[in-house]
Amino acid sequence: MQNPTSDQPIIRFDRVDKRFGDLLVLDKLNFQVDPGERVTLIGPSGSGKTTILRLLMTLEKVTPAQDPAAEGGVIYVEGRPYSHMEKGGRLVVANERYLRQARQKVGMVFQQFNLFPNMNVLRNVTEAQVHTLKRGKDEAESKAKELLDLVGLSDRIDHYPSQLSGGQQQRVAIARALAMDPDILLLDEVTSALDPELVNDVLGVLRDIADTTSITMLIVTHEMGFARDVSNRVMMFDNGQIVEQGPPEAMFSEPQEARTQDFLRAVLAE
Ligand SMILES: Nc1ncnc2c1ncn2[C@@H]1O[C@H](COP(=O)(O)OP(=O)(O)O)[C@@H](O)[C@H]1O
Ligand SMILES: [Mg+2]
């Protein structure tokens, strides 16, 4: 097995297939992401963006090759098999125990904030630290308070999610994800469910995190200004394949492919 080193990709999709029934959502998808890179995924609804993030969050499993004799696709994280594990010198589909360990490197924030409604803000941010990472209560609380300060919610730690605006709830969700010290942060349309006046607060927090940490980010967003400012690379998807990719300046000002041009025209006209 290779030793993980920092000069190799932090994420690598190697010929990854994903089917839902007869629907082939990802078709032998290959891509890699370097440590510290910020990659924005764009593309029409249904093009497979959320599926890619959910595979990385281990909420979905890769689909094995149809032909049992053929090798199926594999996701690697930090140089190690992630969707799979080594067994007797071969890669086999990872079991639950392996996945539980592996997914600790990855944090995700969803379009819907998904906070625990019966827990106050502080407890939302400490719960997984205590249960999953086995941190002591004091350490977890001090970490939570630091992060709630970063997202501008120090004065709301006793509130319940129902007492917060959508933008505040989403900032708690960001703090909760960061509390687990992930190496990779996945952001799936995190401002799409927010009232327009709340979008900038959330994007501001994410810009700060991008500016002050080296965390690797995969971002799905329709906020093209934000994508341009924070990402190193933009990947355009359609039908589960990469149509084209490049630095945001090039992708937004001179996209080469008609599908990208059409998509950007539609998004920017919204
Ligand atoms: N759990 C599921 N069961 C069946 N089909 C699904 C499921 N999740 C996603 N899909 C389908 O997979 C395709 C890609 O979806 P998704 O990854 O959510 O796209 P995007 O995020 O780019 O809009 C869509 O056609 C969607 O309907
Ligand atoms: Mg989606």
Side-chain angles (χ1 to χ4, degrees), residues 1-39 41 48-110 128-135 176-188 213-220 232-233 235 237 240-242 245:
M1 182 173 163
Q2 322 152 268
N3 276 323
T5 58
S6 58
D7 60 2
Q8 66 183 338
I10 189 166
I11 298 169
R12 180 155 73 93
F13 275 52
D14 181 20
R15 292 170 298 122
V16 170
D17 283 339
K18 179 63 187 175
R19 286 178 186 276
F20 293 106
D22 289 340
L23 181 68
L24 182 60
V25 176
L26 304 181
D27 185 6
K28 304 229 175 330
L29 179 65
N30 291 306
F31 72 90
Q32 44 190 50
V33 175
D34 287 333
E37 241 194 317
R38 279 69 194 255
V39 180
L41 281 55
K49 306 177 300 292
T50 292
T51 300
I52 291 167
L53 301 194
R54 287 175 57 84
L55 282 164
L56 280 166
M57 201 59 210
T58 74
L59 296 168
E60 300 288 352
K61 289 186 180 348
V62 304
T63 303
Q66 300 287 85
D67 171 2
E71 273 179 60
V74 178
I75 301 172
Y76 296 85
V77 169
E78 296 179 342
R80 296 195 187 87
Y82 184 80
S83 56
H84 289 64
M85 56 192 229
E86 294 208 27
K87 201 172 175 185
R90 297 185 48 215
L91 289 180
V92 299
V93 173
N95 63 24
E96 224 5 82
R97 182 154 169 256
Y98 185 90
L99 290 176
R100 206 177 308 129
Q101 194 65 36
R103 78 165 70 97
Q104 287 186 19
K105 299 174 177 17
V106 185
M108 183 158 175
V109 183
F110 302 84
Q129 293 188 68
V130 172
H131 278 102
T132 307
L133 299 184
K134 311 292 178 204
R135 282 188 185 143
R176 183 176 63 175
L178 292 176
M180 305 300 281
D181 292 326
D183 297 334
I184 299 167
L185 185 63
L186 309 174
L187 303 166
D188 194 3
T213 73
S214 57
I215 193 165
T216 304
M217 293 184 177
L218 251 60
I219 306 163
V220 178
N232 313 102
R233 175 156 51 118
M235 294 202 290
F237 282 86
Q241 291 183 319
I242 299 169
Q245 56 179 319

Contacts of Tyr82 meeting ring-ring contact (aromatic ring centres under 6.0 Å, His included) (sequence neighbours excluded), chain-then-number -> none

Just how far is it from atom OG1 of Thr51 to atom CG of Leu23, taken to the nearest 0.5 Å? 8.5 Å

Residues in side-chain hydrogen bond (donor to acceptor under 3.5 Å, both in side chains) contact with Asp181, at least two apart in sequence or another chain: Arg135, Lys143

Residues that Asp34 engages under salt bridge (charged side-chain N to carboxylate O under 4.0 Å, His left out), provided they are two or more places apart: none

State, to 0.1 Å, how close Ala179 and Gln129 come at their nearest heavy-atom pair, and which atoms those are. CB-NE2, 3.6 Å

Residue set satisfying side-chain contact (heavy atoms from CB on, under 4.5 Å) with Gln32, at least two apart, ordered chain then number -> Pro9, Arg12

As an exercise, state the distance from CZ of Arg19 to CG of Leu26, rounded to the nearest 0.5 Å. 11.0 Å

Contact between Leu91 and Val74 at the side-chain level, heavy atoms closer than 4.5 Å - yes or no? yes

For the residue pair Val106 and Leu186, establish whether any side-chain heavy-atom pair is separated by less than 4.5 Å. yes

Set of residues satisfying side-chain hydrogen bond (donor to acceptor under 3.5 Å, both in side chains) with respect to Lys28, sequence neighbours excluded: Asp17

Please name all residues satisfying side-chain contact (heavy atoms from CB on, under 4.5 Å) with Phe31, sequence neighbours left out, ordered by chain then number. Ile11, Phe13, Leu29, Val33, Ile52, Met235, Ile242

Going by side-chain contact (heavy atoms from CB on, under 4.5 Å), name the residues that satisfy it together with Lys87, two or more places apart in sequence or in a different chain. Val92

Interatomic distance, Met180 atom CE to Gln104 atom CD [nearest 0.5 angstrom]: 6.0 Å

Show your working on side chain to side chain contact (heavy atoms under 4.5 Å, CB included) between Val93 and Val62 and close with a plain yes or no. CA-CA 9 Å; Val93 173; Val62 304; 5.8 Å; no

Across all chains, not counting sequence neighbours, the side-chain hydrogen bond (donor to acceptor under 3.5 Å, both in side chains) partners of Arg54 are Glu60

Could you tell me which residues satisfy side-chain hydrogen bond (donor to acceptor under 3.5 Å, both in side chains) with Asp188, sequence neighbours excluded, listed by chain and number? Thr50

Please evaluate residues Thr63 and Val25 with respect to the criterion side chain to side chain contact (heavy atoms under 4.5 Å, CB included), reporting the C-alpha separation (whole Å), side-chain torsions for both, the decisive distance (0.1 Å), and the verdict. CA-CA 10 Å; Thr63 303; Val25 176; over 6 Å; no

So Leu185 and Leu187, do their side chains get closer than 4.5 Å, heavy atoms only? yes

Side chains of Thr58 and Arg103: donor-acceptor distance under 3.5 Å anywhere? yes

Val39 vs Met217 side-chain heavy atoms within contact, under 4.5 Å: no

Measure the spacing between CG of Asp14 and CD1 of Ile75 and express it to the nearest 0.5 Å. 10.0 Å

Looking only at non-hydrogen atoms, find the nearest pair between Glu86 and Pro81 and report the distance. CG-CG, 4.3 Å

Leu41 side chain near Ile219 side chain, heavy-atom distance below 4.5 Å: no

At what distance, to the nearest 0.5 angstrom, does CD of Glu37 lie from CG of Asn232? 5.5 Å

Any donor and acceptor pair, going by atom type alone, linking the side chain of Thr216 with main-chain N or O of Gly36 inside 3.5 Å? yes

Given side chains that start at C-beta, do those of Ser83 and Lys61 come closer than 4.5 Å, heavy atoms only? no

Is any side-chain heavy atom of Glu78 closer than 4.5 Å to one of Asp183? yes

Would you check if Ile184 and Val77 make a side-chain contact, meaning some heavy-atom pair closer than 4.5 Å? yes

Residue pair Pro182 / Ala177: nearest heavy atoms and the distance that separates them: CD-O, 3.3 Å

Which residues satisfy the side-chain contact (heavy atoms from CB on, under 4.5 Å) test with Asn95, sequence neighbours excluded? Met85, Arg97, Tyr98

